[in-house]
Protein chains: 2
Amino acid sequence: MFSKSCEYAIKATIYIAVQSNEGNRVGLKDIAREIASPEAFTAKILQQLSKCRIINSVKGPNGGFQIDKSEMARIKLSQIVLAMDGDSIFKGCGLGFKECSEKKPCPVHDKFKLVRNELRRMLENTSIYDLSMDLTKGLTFLQR
Amino acid sequence: MFSKSCEYAIKATIYIAVQSNEGNRVGLKDIAREIASPEAFTAKILQQLSKCRIINSVKGPNGGFQIDKSEMARIKLSQIVLAMDGDSIFKGCGLGFKECSEKKPCPVHDKFKLVRNELRRMLENTSIYDLSMDLTKGLTFLQR
DNA sequence: ATCAGGGATGTTTTCAAAGTCATGTGAGTA
DNA sequence: TACTCACATGACTTTGAAAACATCCCTGAT
């Protein structure tokens with residue numbers, strides 16, 4: 001469904017959100033350990049998220065990553081997916097056709113549209129804030 | 001969403017269905033040309049479909065692939081996906097966790113369940129017969 | 001100004017999916 | 001029986017995402 005990068009990105013963003021809510025700035029090592037991801041690879045993903053203004057990075061001693069509390073509710077899952085995997089999951093044809101449209105639909109075009117719209121709706125309506133709250137409350141988990 | 005193999009498998013099955021409806025048995029070359037897929041790779045996919053009883057193969061001169069008319073309505077998209085990609089798309093966790101369940105859900109578990117159920121419903125309710133009919137009627141296309 | 005902590009960036013390496021090639025096997029035909 | 005057509009099978013190669021490695025650069029503290 002999503003690329004590995006995107007999966008890590010979602011996990012990392014949620015973890016950073018949880019920590020930011022408690023006023024903590026977190027470093028790469030922390031994040032990689034907490035979401036069980038390869039450190040070097042995670043670094044790249046965090047840089048990408050940082051470029052896309054989804055998270056903030058601070059260099060130097062006591063540096064790390066954080067998310068502004070004021071922005072947390074604004075950040076939706078869809079933004080992370082878009083930043084990591086592009087819009088292929090929203091626009092791409094179910095059978096991989098480059099040109100698949102209402103005018104010239106592939107055999108599963110209409111059927112997939114329904115599912116994709118449901119997916120899009122879900123991603124656009126799910127905020128990182130909500131996900132981080134569930135995690136803080138112990139309703140969900142970031143391991144296993 | 002699906003592997004390349006699965007995309008080809010769906011396209012191939014639909015094409016074979018269309019031809020079978022007109023009483024034609026089709027060969028590998030025909031299929032590969034029609035769905036614009038690499039021939040050798042397509043051969044493997046057809047063999048897999050054949051093993052899973054989704055299509056029938058006939059060896060020798062005037063051999064080829066076909067689908068029994070009587071079975072065509074019974075074959076659903078879900079069977080092809082299952083044969084090619086396994087059940088990961090139905091069961092797999094949105095964040096890639098090996099153990100993700102109601103008991104120990106990942107942060108997006110519930111949200112994904114809705115989307116996945118919609119996908120499953122769609123795949124289980126879409127028959128190859130219906131898709132082949134749309135193609136025959138010129139409502140859908142297998143190229144581009 | 002220097003030093004160390006920690007993020008940023010470019011280059012390899014690894015591995016599974018995608019795709020190719022060579023050869024085997026069964027079926028129809030003469 | 002011999003030949004040929006077309007599917008079957010397994011080993012091999014290629015490609016690109018995932019992951020690892022090495023190095024650079026910015027920042028705060030002393």
Side-chain angles (χ1 to χ4, degrees), chain A residues 1-13 15-16 19 24-67 81 83-86 88-89 92 95-96, chain B residues 1-13 15-16 19-20 24-33 35-67 81 83-86 88-89 92 95-96:
Chain A
M1 175 126 277
F2 299 136
S3 70
K4 218 72 184 135
S5 304
C6 191
E7 289 178 6
Y8 290 143
I10 293 171
K11 292 180 197 174
T13 306
Y15 176 63
I16 296 170
Q19 292 302 315
N24 302 325
R25 182 181 291 162
V26 284
L28 170 61
K29 283 179 202 297
D30 253 1
I31 297 169
R33 184 181 353 96
E34 198 65 21
I35 68 174
S37 62
E39 209 174 295
F41 191 38
T42 307
K44 301 228 150 160
I45 291 161
L46 293 172
Q47 287 143 29
Q48 178 68 15
L49 289 172
S50 174
K51 268 186 195 167
C52 294
R53 309 270 180 179
I54 291 168
I55 62 177
N56 297 113
S57 79
V58 178
K59 287 185 178 180
N62 266 299
F65 301 90
Q66 66 189 59
I67 300 175
V81 174
M84 303 306 298
D85 290 351
S88 63
I89 203 158
L95 296 184
Chain B
M1 175 127 273
F2 299 137
S3 69
K4 219 73 184 133
S5 303
C6 189
E7 289 178 7
Y8 290 142
I10 293 171
K11 292 180 198 175
T13 306
Y15 176 64
I16 296 170
Q19 293 301 315
S20 292
N24 303 324
R25 180 181 294 160
V26 285
L28 170 61
K29 283 179 201 295
D30 253 1
I31 297 169
R33 187 184 347 99
I35 70 174
S37 62
E39 210 174 296
F41 191 39
T42 306
K44 300 223 149 160
I45 291 161
L46 293 172
Q47 286 143 30
Q48 178 68 16
L49 290 172
S50 175
K51 268 186 196 166
C52 294
R53 308 272 181 179
I54 291 168
I55 63 176
N56 298 113
S57 78
V58 179
K59 285 186 176 180
N62 266 301
F65 300 89
Q66 66 189 57
I67 300 175
V81 174
M84 303 305 299
D85 290 351
S88 62
I89 203 159
L95 295 185

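A note on names: the letters A, B, ... follow the listed sequences, proteins ahead of strands, and every chain is numbered from 1. The structure presented is a predicted model; accordingly, all values stated were derived computationally and were not measured. Computed over heavy atoms, backbone and side chain alike; hydrogens, waters and symmetry mates excluded.
Between the CD atom of A:Gln48 and the P atom of D:dA17 there is a distance of 14 Å, rounded to whole Å. One interatomic measurement links the two molecules: CG of A:Asp30 to P of C:dG5, which rounds to 16 Å at whole-angstrom precision. Taking atom CD1 of B:Ile31 as the reference point, atom P of D:dC7 lies 7 Å away to the nearest angstrom. Atoms CD (A:Glu7) and P (D:dA17) sit 15 Å apart, rounded to a whole Å. One atom, CD1 of A:Ile55, and another, P of C:dG6, lie 16 Å apart when rounded to the nearest Å. Regarding B:Asn56, its CG atom lies at a distance of 15 Å from the C1' atom of D:dA8, rounded to whole Å. Rounding to whole angstrom units, CZ of residue B:Phe2 and C1' of C:dA17 are separated by 17 Å. Rounded to whole Å, the distance from CD1 on B:Ile45 to P on D:dT9 is 15 Å.
Each of A:Pro61 and A:Phe41 was matched to the nucleotide of DNA chain D holding its nearest heavy atom; the match closer to the 5' end belongs to A:Phe41. Nearest-nucleotide mapping onto DNA chain D: of A:Ala40 and A:Val58, the residue sitting toward the 5' end is A:Ala40. Across the interface with DNA chain C, nearest-nucleotide mapping of B:Asn62 and B:Ser5 shows B:Ser5 to be the residue nearer the 5′ end.
The side chain of B:Ser57 places an N or O atom within less than 4.0 Å of a non-bridging phosphate oxygen (OP1 or OP2) of D:dA8. Residue B:Tyr8 places at least one side-chain N or O under 4.0 Å from the OP1 or OP2 atom of C:dG19.
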Stepwise side chain to side chain contact (heavy atoms under 4.5 Å, CB included) check, A:Met1 with A:Ile89: CA-CA 8 Å; A:Met1 175 126 277; A:Ile89 203 158; 4.2 Å; yes

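Distance check, rounded to the nearest 0.5 Å: CG of A:Leu28 to CZ of A:Arg33 gives 10.5 Å. The CD1 atom of A:Ile35 sits 7.5 Å away from the OH atom of A:Tyr8 when rounded to the nearest 0.5 Å. Atoms CG and CD1, from A:Leu49 and A:Ile10 in turn, are 9.5 Å apart once rounded to the nearest 0.5 Å.
Nucleic acid contact class of B:Lys59 (heavy atoms, under 4.0 Å, all strands): base. Using a 4.0 Å heavy-atom cutoff across all strands shown, B:Leu28 reaches sugar-phosphate atoms only and no base atom. Counting any heavy atom pair closer than 4.0 Å across all strands shown, B:Lys44 reaches a base atom.
Screening A:Asp30, A:Asn56, A:Val58, A:Ile31 against A:Phe65 for a side-chain contact (heavy atoms from CB on, under 4.5 Å) leaves a single residue, A:Ile31.
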